[in-house]
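These notes are about the structure you will find just below.
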2 protein chains.
Amino acid sequence: MRESQTGGHAVVGSGETAAQRAVAGADGGVGPTVADLGERALIDRLTAVARRAVPSHPGHGDVVVVGPGDDAAVLDLAGSLVVSTDSLVQDRHFRLEWSTPEQIGARAAVQSCADIAAMGARSVGIVVSIACPPTTPAAVVLGIDQGMNDIAAEFGARVVGGDLVAAAEMVVTVTVFGTTDGRAPVRLAGAAVGQTVAVSGPLGSSAAGLALLDAGITDFAELVAAHRIPVVDLRQGPVAADAGARAMTDVSDGLVDELETMAAASGVAVEIDTATIPSHPLLRAAADAVGADPIGWQLGGGEDHQLLATFDGQPPAGWTAIGAVVAPGDGPRVRVDGAPSGVRGWQSF
Amino acid sequence: MRESQTGGHAVVGSGETAAQRAVAGADGGVGPTVADLGERALIDRLTAVARRAVPSHPGHGDVVVVGPGDDAAVLDLAGSLVVSTDSLVQDRHFRLEWSTPEQIGARAAVQSCADIAAMGARSVGIVVSIACPPTTPAAVVLGIDQGMNDIAAEFGARVVGGDLVAAAEMVVTVTVFGTTDGRAPVRLAGAAVGQTVAVSGPLGSSAAGLALLDAGITDFAELVAAHRIPVVDLRQGPVAADAGARAMTDVSDGLVDELETMAAASGVAVEIDTATIPSHPLLRAAADAVGADPIGWQLGGGEDHQLLATFDGQPPAGWTAIGAVVAPGDGPRVRVDGAPSGVRGWQSF
């Protein structure tokens, strides 16, 4: 069971972590580096963590036939394989100054598992490749891996393999695979005129948390926590599929950006009403504190990883209708409160 | 059909490539960079390449249900899922000065598909994440991707998705997945006393090619080509599984290193006879030209990606017996020509 929908992630998000203590060190040092510990020893420890992880598979048995330590992992899937890959680059996608290694690993796993959920599928396994300088504290690598294992287990997935290589900067690449459990995958291109557009939870929380961190404001801890690890119920992916979702994605690059992608793939346009977009209760106060527009966070802020879907009728319980699919015209594919939106999402380059 | 077992890879390994021409440019420039072209436009081109790729699946239908362009790819597998991930870092694992982008992509795909073959399985799909500086010529990214698509198609696999992110240096992470087609996976830990140790083809070619490049020697083109793209028949993985292979891996980190790993995992020792290790006909002459020991290349050189397996009796056709599994003693787990080997394989850190 995912137990943290209502307030952060108890396992990986709270208090000082083992990795932080190791990084800080009783002597003020940073503990052994990756080079100190050695590749083999570090991989042995990562493998041991993965073997200890006990995923929550409500209603499903363990599918891992061969876990870490062999040439490849082997899994038995009941349905079709669903797979996605994402890379996170230090100081571009995460900052060790702003998040613990465990939080960074957890966020990477959420981000990747959200892509699986966005197909209406269930994550079952993760492989992670970590490129990092040899001078990286081993505790950072172990912490990232621990966070990934912990959150993966919450989603019912296991870390089943990985790679560790030397590089000038840290790049964490997560590949996650899941199963449709026999459901038809929910594509981006299924939106059609007359359908309802809905989201699975609050938007803008991650952008708010980032802005608060950037401004050095330590209040609004839940928003900061939501930036460090998105709070999203990925079981809503299969729930939406079962409820007849026609198109689905997750909000990783901002709502308008995702709507543009979905609308373009489907050959339609979308109208949304900002008054209906769900938000964290502290969002407006946080926006006031930072001097920002909360609607901007909701429309353009990425990394919430809430699910965004269209339905023929009303969305299932827990989802919020925010707009409708309409016929495309000469104008932009996404209209916000009746006007074109100038908001652009995150682009890497 | 893999058509290049006897002399390089016609599709990606020969002559000046489109990417090289684009990099060099008629005007001596480097063509548009990743930032010039833009993330979306570049991803559109990568997606188009993947959609055009026609994999060779002798005896198997296309398993891709959803390819690139959605949140995740979806594949129908007949057997258990087999998955592995590897990262390649520029100037550590590949050099743009020494290989074309197509060759680098092809090598990355061979390396990853070899891990699938080493389980006795067949590769069906690849996802690739490329982290690179925005100033990287777009032709480099497109070339790496093209090489990966081409070689994947030879192995019966398709590139079904990926990610592209900005970073300070280029890191290419390849995750490959395959299917057992109902075979039991061949583990590292299955070696037992009395079994024959065998390899699927010549060893030392890649190390020779690297040494030749390093020495600036342009003769022995087939060895240089074997470094740029390993020449290995990965169909021998399932062949070995069907022939009753008891333990299997691929030679990525050097023969002795892989034997040590396999012997340790199996709780046994291994004795090999260097006179029986198959080699490229030009290996000795190349070693003389460089002033190196060809046996050192065969024992310690990595990246040949030949398959290494144990069998209860003689290996199947095409394989070469090079030694035997023996009881472990007080000494090292690998004995070469009756003596302990001091050769160590490649370690990243």
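Residue numbers begin at 1 in each chain, while the letters A, B, ... track the order of the sequences.
With chain A as partner, the option from G161(B), G162(B), G178(B) having the largest number of non-hydrogen pairs under 4.5 angstrom is G162(B). Interface summary for chain B: among S80(A), A114(A), P185(A), the most heavy-atom pairs under 4.5 angstrom belong to S80(A). Contact tally against chain A (heavy-atom pairs below 4.5 Å) for V171(B), V128(B), T249(B), T261(B): the top residue is T249(B). Between chain B and the residues T175(A), L81(A), T180(A), V66(A), the most heavy-atom pairs under 4.5 angstrom are made by L81(A). Annotation: maximal heavy-atom pairing with chain A below 4.5 Å, among A131(B), S84(B), A168(B), A265(B), occurs at A168(B). The candidate with the highest count of non-hydrogen atom pairs below 4.5 Å against chain A, out of V186(B), D86(B), T85(B), is T85(B).
Heavy-atom distances place both the backbone and the side chain of V83(A) under 4.5 Å from chain B. Proximity to chain B is absent for every atom of V176(A), based on heavy atoms less than 4.5 angstrom apart. With a 4.5 angstrom heavy-atom cutoff, L188(A) touches chain B via backbone and side-chain atoms both. Contacts between V89(A) and chain B at a heavy-atom distance below 4.5 Å involve the side chain alone, from C-beta outward. Heavy atoms closer than 4.5 Å to chain B are found nowhere in D91(A), neither backbone nor side chain. For M262(A), no part lies under 4.5 angstrom from a heavy atom of chain B.
Considering only heavy atoms from C-beta on, L259(B) stays 4.5 Å or farther from R333(B) through its side chain. Using a 4.5 Å heavy-atom threshold, the side chains of F94(A) and M170(A) count as touching.
In this structure, a donor-acceptor pair under 3.5 Å is absent between the side chains of S252(A) and E303(A).
Partner of D145(A) under the side chain to side chain contact (heavy atoms under 4.5 Å, CB included) criterion, chosen from V172(A), L46(A), L42(A): L46(A).
Between the side chain of S129(A) and the main chain of T173(A), no donor-acceptor pair closer than 3.5 Å is present. The backbone N or O of S87(A) sits less than 3.5 Å from a side-chain atom of D163(B), completing a donor-acceptor pair. Between the Q306(B) side chain and the V251(B) main chain, no donor and acceptor come within less than 3.5 Å of each other.
Between atom OG1 of residue T136(A) and atom CG of residue D36(A) there is a gap of 11.0 Å, rounded to the nearest 0.5 Å.
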